[in-house]
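Computation of the quantities below employed the complete heavy-atom set of this structure, encompassing side-chain atoms and omitting hydrogens, waters and symmetry-equivalent molecules.
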Amino acid sequence: MSDSPLRVSADGPVITLMLDRPDDGNALDLELVARLRTAIDEAEAAEHVRAIVVRGAGRLFCGGGDINAMLAADDPADYVRQLADSLSQLATAMAASRLPMIAVVDGPAAGAGLGLALNADVVLAGPRAAFVSAYTRVGLAPDFGVSAALIRAAGAQRARALILSNRTLDGAEAVAFGIAAGCAATDDELGSLVAELTTELVAAPAATIAAVKRILVDPDHPAELQAEVEVAAELAAQEETLDRLRAFASRRPRRQPG
């Protein structure tokens, strides 16, 4: 068994990236973000690859940034800055990739997990999907492009309400809010949605998909990402935020050794 936090598998021209930290809610730490970036770069370089699917192992799609890793760091604020910066670089790589990316969310997508979904080109929600910002609960602000992406998807009023109130959306609500392109009531239906979409993407001319992706990227994207990094680091240096992070971590089931 591999100890890697990311499982990469291939089905012909479709690569699946499976977040594989189920005991930690598939939380994003520096290692997992780096492995995601490497896997995308490798898929990008493989001419036969035509699409990427991102999923989460276990109960959660992705529970967000790894709070335990933040608190274990000698300088939590510096760790948060590094993580936010790494997430920004990952968002840039996802947007710049020639490959269409599908986030298959069949479990909670919280915080940076919501960002991972929003940075994909298409989001498909399964029967157990849940979408929540969750940043303000722990004294942090959105990173990974969440602030701008939610505004573009849901509109300014809805995005502000979702971020400030931490309201959780199920799959059908995510579709209504413009966050997901489709939702499924059963696992079989979700599998069919994924298969139909990947088949369409693989059948389209690769050069056309790459060109369309280029024109869909917002020109303000880099500046928005950098602004989020600065705010994340600023908030992580505040004692009130650290207290909230500690309180959240103390309520979270800890991974058992062995």
Checklist entry - Looking at CG of Leu197 and CD1 of Ile102, how far apart are the two atoms once the value is rounded to the nearest 0.5 Å? => result 4.0 Å
Checklist entry - Can you name the closest pair of heavy atoms from Val123 and Ala117 and give their distance? => result CG2-O, 3.2 Å
Checklist entry - Honestly curious: do Val53 and Leu193 fall in one hydrophobic cluster under the side-chain, below-4.5 Å linking rule? => result yes
Next on the checklist: Using every non-hydrogen atom in the two residues, find where Thr241 and Ala236 come nearest and quote the distance to one decimal.
Outcome noted: CG2-CA, 4.1 Å
Checklist entry - For Leu162 and Phe131, what are the C-alpha separation, side-chain angles and deciding distance, and is it a side-chain contact (heavy atoms from CB on, under 4.5 Å)? => result CA-CA 10 Å; Leu162 290 172; Phe131 301 81; over 6 Å; no
Checklist entry - Within the distance-only criterion (no hydrogens, no angle test), does the side chain of Asn26 pair as donor or acceptor with the backbone N or O of Leu60 below 3.5 angstrom? => result yes
Checklist entry - Asn68 side chain to Ala249 main-chain N or O, any donor-acceptor pair under 3.5 Å? => result no
Checklist entry - Passes side-chain hydrogen bond (donor to acceptor under 3.5 Å, both in side chains), Ser147 versus Glu224? Steps please. => result CA-CA 8 Å; Ser147 51; Glu224 292 162 351; over 6 Å; no
Next on the checklist: Tell me the closest heavy-atom pair linking Gly111 and Ala134, and the distance in Å.
Outcome noted: N-CB, 4.3 Å
Checklist entry - Taking the side chain from Asp24 and the backbone from Ala27, do they hold a donor-acceptor pair closer than 3.5 Å? => result no
Checklist entry - So do the side chains of Asn119 and His221 get within less than 4.5 Å of each other, counting heavy atoms only? => result yes
Checklist entry - What's the spacing between Ile179 CD1 and Arg158 CZ if we round to 0.5 Å? => result 9.0 Å
Checklist entry - With a 4.5 Å limit on heavy-atom distance, are the side chains of Val49 and Pro13 in contact? => result no
Checklist entry - Going through the checks in order, is the side-chain contact (heavy atoms from CB on, under 4.5 Å) test met by Phe61 and Leu116? => result CA-CA 10 Å; Phe61 171 72; Leu116 181 59; 3.9 Å; yes
Checklist entry - Does a side-chain N-to-carboxylate-O contact under 4.0 Å join Arg81 and Asp85? => result no
Checklist outcome for this item: To the nearest 0.5 Å, atom OG of Ser192 lies from atom CG of Leu124 at 11.5 Å
Checklist entry - Would Phe144 and Val80 show up in the same hydrophobic cluster when neighbours are defined by side-chain heavy atoms closer than 4.5 Å? => result yes
Item to check | Audit row: Leu30, Leu83, side-chain contact (heavy atoms from CB on, under 4.5 Å) steps and yes/no | outcome: CA-CA 6 Å; Leu30 289 172; Leu83 183 59; 4.2 Å; yes
Next on the checklist: What verdict does the side-chain hydrogen bond (donor to acceptor under 3.5 Å, both in side chains) test give for Thr136 and Asn166, after you've listed the backbone C-alpha separation in whole Å, the side-chain angles of each residue and the deciding distance to 0.1 Å?
Outcome noted: CA-CA 8 Å; Thr136 60; Asn166 296 304; 2.7 Å; yes
Checklist entry - Are Asp29 and Arg21 close enough for a salt bridge, meaning some N to O gap below 4.0 Å? => result yes
Item to check | Val132 side chain near Arg167 side chain, heavy-atom distance below 4.5 Å | outcome: no
Item to check | Rounded distance (nearest 0.5 Å) linking atom CG of Leu140 with atom CG of Leu245 | outcome: 5.5 Å
Next on the checklist: Taking side chain to side chain contact (heavy atoms under 4.5 Å, CB included) as the criterion, tell me which of Leu114, Leu150, Ile163, Val231 meets it with Pro142.
Outcome noted: Ile163
Checklist entry - When you measure from the side chain of Ser97 to the backbone N and O of Met94, does any donor-acceptor pair fall under 3.5 Å? => result no
Item to check | Separation of Leu99 CG from Ile52 CD1 (nearest 0.5 Å) | outcome: 4.5 Å
Next on the checklist: Using a 3.5 Å distance criterion without hydrogens, assess whether the side chain of Gln238 forms a donor-acceptor pair with backbone atoms of Leu235.
Outcome noted: no
Checklist entry - How far apart are the closest heavy atoms of Asp187 and Pro127, and which atoms are they? => result OD1-CG, 3.6 Å
Item to check | Hydrophobic cluster identity match, Leu87 and Val54, side-chain contacts under 4.5 Å | outcome: yes
Next on the checklist: When you compare the side chain of Cys62 with that of Leu28, does any pair of heavy atoms fall below 4.5 Å?
Outcome noted: yes
Next on the checklist: Do Leu190 and Thr186 make a side-chain contact, defined as non-hydrogen atoms from C-beta onward lying under 4.5 Å apart?
Outcome noted: no
Item to check | For the student: nearest non-hydrogen atoms of Arg55 and Val104, plus distance | outcome: NH2-CG1, 3.4 Å
Checklist entry - Do Arg35 and Pro5 touch side chain to side chain, with heavy atoms closer than 4.5 Å? => result yes
Next on the checklist: Using only atom types and a distance under 3.5 Å, with no angle test, would you say the side chain of Asp11 pairs donor to acceptor with the backbone of Val14?
Outcome noted: no
Item to check | Stepwise side-chain hydrogen bond (donor to acceptor under 3.5 Å, both in side chains) test for Asp143 and Tyr135 | outcome: CA-CA 9 Å; Asp143 54 11; Tyr135 288 98; 2.5 Å; yes
Checklist entry - So does Arg59 have more than 12 non-hydrogen atoms from other groups sitting under 6.0 Å from CZ? => result no
Item to check | Flag, side chain of Arg50 to backbone of Ala204, donor-acceptor distance under 3.5 Å | outcome: yes
Next on the checklist: In this structure, would Val202 and Ile209 fall into the same cluster of hydrophobic residues linked by side-chain contacts under 4.5 Å?
Outcome noted: yes
Checklist entry - Is there a donor-acceptor pair under 3.5 Å between the side chain of Glu228 and the backbone N or O of Gly145? => result yes
Item to check | Contact summary for Ala57 and Pro22, nearest pair of heavy atoms | outcome: O-CB, 3.7 Å
Next on the checklist: Nearest 0.5 Å, please: how far is CD in Glu31 from OG in Ser86?
Outcome noted: 12.0 Å
Checklist entry - Please walk me through it: do Asp121 and Lys213 pass salt bridge (charged side-chain N to carboxylate O under 4.0 Å, His left out)? => result CA-CA 8 Å; Asp121 297 296; Lys213 281 201 62 175; 3.1 Å; yes
Next on the checklist: Among Asp20, Val33, Leu17, exactly one meets side chain to side chain contact (heavy atoms under 4.5 Å, CB included) together with Leu6. Which residue is that?
Outcome noted: Leu17
Item to check | Sidechain-backbone polar pair: Glu44 side chain, Ile40 backbone, donor-acceptor under 3.5 Å | outcome: no
Item to check | Hydrophobic cluster membership, Val175 vs Leu169, 4.5 Å side-chain cutoff | outcome: no
Checklist entry - Using 4.0 Å as the upper bound for N to carboxylate O, is an ion pair formed by Glu239 and Arg244? => result no
Next on the checklist: Within the supplied structure, the quantity of interest is the number of heavy atoms (other residues, nucleotides, ligands) at a distance under 6.0 Å from Asp218 CG; does it exceed 12?
Outcome noted: yes
